[in-house]
Amino acid sequence: MQLYGVIGHPISHSLSPVLHNWAFKKFGYKDKVYIAWDITPKNLEKFLHNLDIFQVKGLSVTIPHKQNILSFAQKISPLAQKIQAANTLVYHKGIWLAENTDVYGFIQPLQQLNIKLQKALILGAGGASLAVIYGLKKLKIEEIYISNRTMSKARQLAKNLGLKEISWEDKEKLRPDILINTTPLGMSGKWQNKTPWNADLKGIKVVYDIIYNPNPTLLLKQAKKFNCTTISGLEMFIYQAQQQFKLFTGQTFSFYDALNYLNTNTFPRK
Ligand code: ATR
């Protein structure tokens, strides 16, 4: 038996086991199974140094390990190196490779839109904003603004990565072509009835919320009322897993089959 899994803390809400096990079954891998491991930062090193004993061949990596995982890998992809964060570890030809498939996951839904985007506004400057920033740069979006409750963090990112910053209080005055939420506001649990945007969304073409539970979030519901094109975090989630699964097995599952499976088997989630 070969083991795969997701490591993070907390991990109980992850959809990764459902999706990867569905895909293993779909491609007839009877010898592969995917598990959720709740690993605290304290236990990370111990866990990683025993992977060979358990025949672990691939890992999805989530909060709070995306940066720390890099020091474990024997090879780091140029993209993961650039972002200084990885969400995938795969055992290949005797070494562990760290890769970042979040950027691919973020970009993919946008590449399928036929909408010209020149000005973007990112809400939030935490770990999750990094893949978004690099994704927007890859898409050659010319003007990227970042806004964060704690202004100093946005300023730091703006300085290091060539973005513009706007204060949390003034952000609604900006009318970007695309607005992206990377904060937890709107996420199931204590944030569910919150939105990071306290104004109308007139003139904004695309609203992208990287949260996938609930689907849609309050922000995306607001956006639909203003006829914006909306993208949910579930799309990003499926695409990042699709590329990850390809690294694990060489196979590519269908985005729409996966979406259909998750919608009928896992939503609504508490
Ligand atoms: P990280 O991604 O670094 O783990 P996080 O706690 O998940 O951090 O928060 C992600 C982003 O959401 C951060 O930019 C955070 O803003 P701060 O830098 O001010 O902490 C933002 N965020 C979290 N809670 C928020 C809230 N209640 N209102 C506005 N922004 C919030």
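Counting convention: from 1, in listed order, for ligands and their atoms alike. Start at 1 with the first residue, then count along the sequence.
- Residues Y4 and K32 bring a donor and an acceptor atom of their side chains to less than 3.5 Å of each other.
- A search for side chain to side chain donor-acceptor pair (under 3.5 Å) contacts involving Q74 returns nothing, not counting sequence neighbours.
- Ion pairing between a basic and an acidic side chain is recognised when a charged N comes within 4.0 Å of a carboxylate O; K119 and D177 show no such pairing.
- Between D200 and R175 there is a salt bridge, with a side-chain nitrogen of the basic residue lying less than 4.0 Å from a carboxylate oxygen of the acidic one.
- No side-chain donor-acceptor contact under 3.5 Å links S147 and E165.
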Does the pair V90 and F248 meet the rule for a side chain to side chain contact (heavy atoms under 4.5 Å, CB included), with working shown? CA-CA 6 Å; V90 59; F248 292 162; 4.0 Å; yes
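- Within 4.0 Å of ligand 1, counting heavy atoms only, the contacting residues are G124, A125, G126, G127, A128, N148, R149, T150, K153, W168, T183, P184, L185, W191.
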